[in-house]
Amino acid sequence: MKDIVRLVASARSLWGMYGVIGCLTVIISVMGLLTPMFSGWAIDEIRKGTDARVSYMVWLAVGIFLLDIGANVLNNIVGYLGDQMSVRLNKILSMRYYEHLLSLPQRYFDRELSGKIIARLNRSIVQITNFMQMLSNNFLQFIFGTVLSLAVVAYYSWQVALMLLALYPIYIFLTFRSSGRWQRYQADKNKHTDIALGRFTESIGQIKVVKSFLQERRELRFYRRHADKVVAINQPQSQFWHVRDTQRRLILNVIFFGVYLYIFVQGAHGEFTPGQAVALILYAMQIRMPIFTISFLVENTQRAIADSKDYYEVMNVRPEIADRPDAKQLRVTDGAVSFDGVAFSYDRTQSVIRGVSLEVPAGGKVALVGESGEGKTTLTNLLLRYYEPEKGVISIDGQDIQSVTQASLRRAIAVVFQEPALFSGTIRENIAYANPTASQKQVESAARAANAHEFIRKLENGYDTEIGERGLRLSGGQKQRIAIARALLKDAPLLVLDEATSSLDSKSEHMVQEALKRLMKGRTTLIIAHRLSTIQSVDMVVTLRGGKVDEVGSPQELADSGGIYSQLLALQRGHTDADIKRLRKYDIAE
Ligand SMILES: Nc1ncnc2c1ncn2[C@@H]1O[C@H](COP(=O)(O)OP(=O)(O)OP(=O)(O)O)[C@@H](O)[C@H]1O
Ligand SMILES: [Mg+2]
């Protein structure tokens, strides 16, 4: 019951229009009641033979004709309103879902496949919309239709009305009894659909990998396995439903047998006029409709409940990272960043960062060096508050980042991610992602500083070139430079540079390095360095080992300390196979 209330509440802003639809359908069903009555009168009049009044008959025929036209017009108005409603409801629900998803922290997306997220949305919206439409089109009509038909039948014969009345509780009871099992089947089906669609989306997104490893068939098999499960579960589910439905209708058949028997026998005893008997039979037939509607109502309701469960589950996920009620705007004055005793683990058991303290002085450039998987990117994730440290404090100009709004924090930091994540759309849109109203001059000057202007200029459509999903149509070095231009245009006082580990050829490498230098100018920068040349150019090097800071110092100081950095330098000079292997562990290129 709670689920149904929740479903109906989803469409609160549309209740008014649903009400209008409901009222119109009631009018339609009342009009439907008049036709059998007119028919009954006509038959009784016909029985008078030649005495029958022709004009009266004509009026009855005209009455039926007008009722038909009225029903025709009203039905189409209802259909039109229903269309408008369902599209609006669709918009409301999907916007809410999207907005909510965008507010969820990174941890949520680490767990979920994007294909699943979308599959859930589609399924839920279709079902909730169907449900609301059914409610407006059938529910009121069902209630009013039933009450009115029964009242009219009772007027002719209370015995028949009583027999018909007995049907409802039996029918509803039987239908609800089978609902739980049906829903369990449905949830199981949905689970497999989600798994299949999650993988589907993932493999299409990384189609190159699938093809290069020749795994198209395996991906298809994976999909088929889960699709087969859905087919397999559907069989007992559907069988279950239809067996139950046959039983339910059997009871209906028996009761109607009683009703007809009663009308026929009593009719033969002269209890009703032929016209009354016909009208009664027509009413009894009309009442079958709402009774069948019960199955339809219940089936739709349980489908809506089962299929929207995941939607509400997502909507109920509370963002674990939220602005405090008293959160202030971050005010960056000098741009000094400090990590103080920061500890963190992704899964709350295996710590990745075990107490890191480091100071990035205002305007300073600090390189983070450590083996792959040591937690360098993680530290920047914490700085951006994608995750929250379990211990310790991160602050910017003395303000704890947990005490300021996430928006103001992120506004103050430009990031160049390890993987240059671009969007489909034009180069201009990508560079101007931080500020879509940026002028051509601004976009161009960011591109120039990022060493990207030259290659963009040579493209057929220049800045208006479409770059494909995630920038698929650009080279690795081009993507990196667009990502740098994007960060430049954001023009934030702090900069996080997660150097790409993929090595570029020396020319584009040089261009990227140059671009980065311009980007760092005048900003406090935290660089996750994967190149010795980058490390050599910073003010301070921080090396990480075992989730802790190992050494801190200028590149000159650390060159001979015997620590990670000096080892790296020695390895670089060494060039034995073992040296190169060790260098690889750091993902360090020259
Ligand atoms: N979203 C995540 N969920 C769970 N574990 C994660 C997640 N991201 C990273 N890790 C784990 O945390 C550790 C640190 O990862 P991180 O990405 O910070 O390494 P890194 O130092 O940046 O490495 P690299 O130099 O290869 O980029 C790794 O062991 C990794 O397996
Ligand atoms: Mg990393």
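We count ligands from 1, going down the list as the structure has it; atoms in each ligand are counted the same way. The analysis underlying the following values was restricted to heavy atoms, covering all of them including side chains, and did not include hydrogens, waters or symmetry mates. Just so you know, residue 1 is the first one in the sequence shown, and it goes up from there.
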K.L.:
Hey, does His226 have a side-chain heavy atom less than 4.5 Å from the side chain of Thr193?
P.N.:
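Side chain of Thr193 against side chain of His226, heavy atoms only: no contact under 4.5 Å found.
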K.L.:
Is a side-chain donor-acceptor pair under 3.5 Å present for Lys189 with Asn234?
P.N.:
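Checked: Asn234/Lys189 side chains pair up, N/O donor to acceptor below 3.5 Å.
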K.L.:
With a 4.5 Å cut-off on side-chain heavy atoms, are Asp498 and Phe417 touching?
P.N.:
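Phe417 vs Asp498: side chains apart.
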K.L.:
If you have a sec, read the angle at the Mg ion (ligand 2) from Thr377 atom OG1 over to Gln418 atom OE1, to 10 degrees.
P.N.:
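Taking the Mg ion (ligand 2) as the apex, I get 90° for this pair.
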K.L.:
For Arg217, does the CZ atom have more than 12 heavy-atom neighbours from other residues, nucleotides or ligands under 6.0 Å away?
P.N.:
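It does not: Arg217 CZ has 12 such atoms or fewer within range.
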K.L.:
Which ligand 1 atoms, with their elements, are less than 4.0 angstrom from a heavy-atom of Thr378?
P.N.:
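The list of qualifying atoms is 14 (C), 15 (O), 16 (P), 18 (O).
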K.L.:
With sequence neighbours excluded, give me every ring pair (Phe, Tyr, Trp, His ring centres under 6.0 Å) pair touching residues 96-120.
P.N.:
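Qualifying pairs: Tyr97-Tyr311.
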K.L.:
Can you tell if the side chain of Leu383 reaches within under 4.5 Å of the side chain of Phe339, non-hydrogen atoms only?
P.N.:
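Sidechains of Phe339 and Leu383: in contact.
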K.L.:
If you count the atoms of ligand 1 from 1 in the order shown, which ones are under 4.0 Å from a heavy atom of Val352?
P.N.:
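Result: 12 (O), 13 (C), 14 (C).
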K.L.:
If you count the atoms of ligand 1 from 1 in the order shown, which ones are under 4.0 Å from a heavy atom of Asp110?
P.N.:
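Per the distance check, 1 (N), 2 (C).
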K.L.:
Would you please determine whether Tyr387 falls within less than 4.0 Å of ligand 1 on a heavy-atom basis?
P.N.:
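In this structure, Tyr387 qualifies as a contact of ligand 1 - some heavy atom is under 4.0 Å.
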K.L.:
Nearest to atom 29 (O) of ligand 1 by heavy atom, Ser372, Gly375, Gly373: which?
P.N.:
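Closest candidate by heavy-atom distance is Gly373.
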K.L.:
Distance under 4.0 Å to a non-hydrogen atom of Gln418: what atoms of ligand 1 satisfy this?
P.N.:
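It comes down to these atoms of ligand 1: 24 (P), 27 (O).
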